[in-house]
Amino acid sequence: MIISQDGNISIITQEKFTVVELVKKLEALYPKFKNNNIVVVLTALEPMTLEKIVEFLQISNIHRKAKHSFVIVSDKINLDEVPDELVVVPTQQEAFDIIEMEEMERDLGF
């Protein structure tokens with residue numbers, strides 16, 4: 001797991017472990033990231049299934065309830081299958097764009 005920072009965005013890149021292991025590590029390290037927007041980059045992993053991507057649902061809901069963005073980057077999943085509660089985009093640039101839009105919405109009170 002590679003962790004980098006870009007302003008108020010924590011970028012977590014997963015290269016080797018399984019999604020379940022990553023979610024467990026994210027939950028353990030969550031206090032470190034709880035005040036930032038989070039981008040989880042999964043492009044280096046094998047194709048994603050709906051069962052794997054749903055593993056992020058609980059931590060995503062907690063983070064979004066705290067008025068922060070949680071975006072998953074994966075170009076290896078059918079985006080039509082992803083539940084509406086999760087934000088999944090195919091590129092890291094789109095993740096940054098989503099965060100920018102969500103921050104504007106929060107600033108406007110939505």
Ignoring hydrogens, what is the shortest heavy-atom contact between Glu94 and Pro90? Give both atom names and the distance. OE2-CG, 3.1 Å
What distance separates Glu55 CD from Lys24 NZ, expressed to the nearest 0.5 Å? 8.5 Å
Step-by-step side chain to side chain contact (heavy atoms under 4.5 Å, CB included) determination, Ile3 to Met1: CA-CA 7 Å; Ile3 302 168; Met1 179 165 66; 4.2 Å; yes
Please report the interatomic distance CG(Leu86) to OG(Ser60), rounded to the nearest 0.5 Å. 5.0 Å
Of all heavy-atom pairs linking Glu102 and Arg64, the shortest is OE2-NH1, 3.1 Å
Val19 side chain near Met48 side chain, heavy-atom distance below 4.5 Å: yes
Could you tell me whether the side chain of Asn78 and the main chain of Asp80 form a donor-acceptor pair under 3.5 Å? yes
How close do Leu22 and Val40 get, counting heavy atoms only, and between which atoms? CD2-CG1, 3.8 Å
Decide yes or no on side chain to side chain contact (heavy atoms under 4.5 Å, CB included) for Phe56 and Val88, but give the supporting numbers first. CA-CA 11 Å; Phe56 290 99; Val88 181; over 6 Å; no
Minimal heavy-atom distance between Ser74 and Thr43, with the atoms involved, is CA-CG2, 4.4 Å
Drop me the distance from Ile59's CD1 to Leu26's CG, to the nearest 0.5 angstrom. 5.0 Å
Apply the hydrophobic cluster definition, ILVMFWY joined by side-chain contacts under 4.5 Å directly or through others, and give me every member besides Val20. none
Any Glu21 side-chain heavy atom under 4.5 Å of Thr18 side chain: yes
ILVMFWY cluster membership beyond Ile98 - transitive side-chain contacts under 4.5 angstrom: Ile9, Ile11, Val39, Val41, Val71, Val73, Val87, Val89, Phe96, Ile99, Met101
Does Glu27, at its CD atom, have more than 12 non-hydrogen atoms belonging to other residues, nucleotides or ligands within less than 6.0 Å? yes
Rounded to the nearest 0.5 Å, how far does CD1 of Ile53 lie from CD1 of Ile77? 4.5 Å
With rounding to the nearest 0.5 angstrom, report the CD1 to NZ distance, Ile72 to Lys52. 13.5 Å
Is a donor from one side chain sitting under 3.5 angstrom from an acceptor on the other, for Asn37 and Glu103? yes
Can you list everything that forms a ring-ring contact (aromatic ring centres under 6.0 Å, His included) with His63? Sequence neighbours excluded, please. Tyr30, His68
Can you list the steps and then say if Glu105 with Leu108 is a side chain to side chain contact (heavy atoms under 4.5 Å, CB included)? CA-CA 5 Å; Glu105 289 173 355; Leu108 294 172; 5.8 Å; no
In Å, rounded to the nearest 0.5 Å, how long is the span from CD of Gln92 to CG of Asp6? 8.5 Å
When you look at Lys25 and Ile12, which way does the side chain to side chain contact (heavy atoms under 4.5 Å, CB included) test go after all the steps? CA-CA 11 Å; Lys25 284 187 178 195; Ile12 300 161; over 6 Å; no
Near Glu100 CD, under 6.0 Å, is it more than 12 heavy atoms from other residues, nucleotides or ligands? no
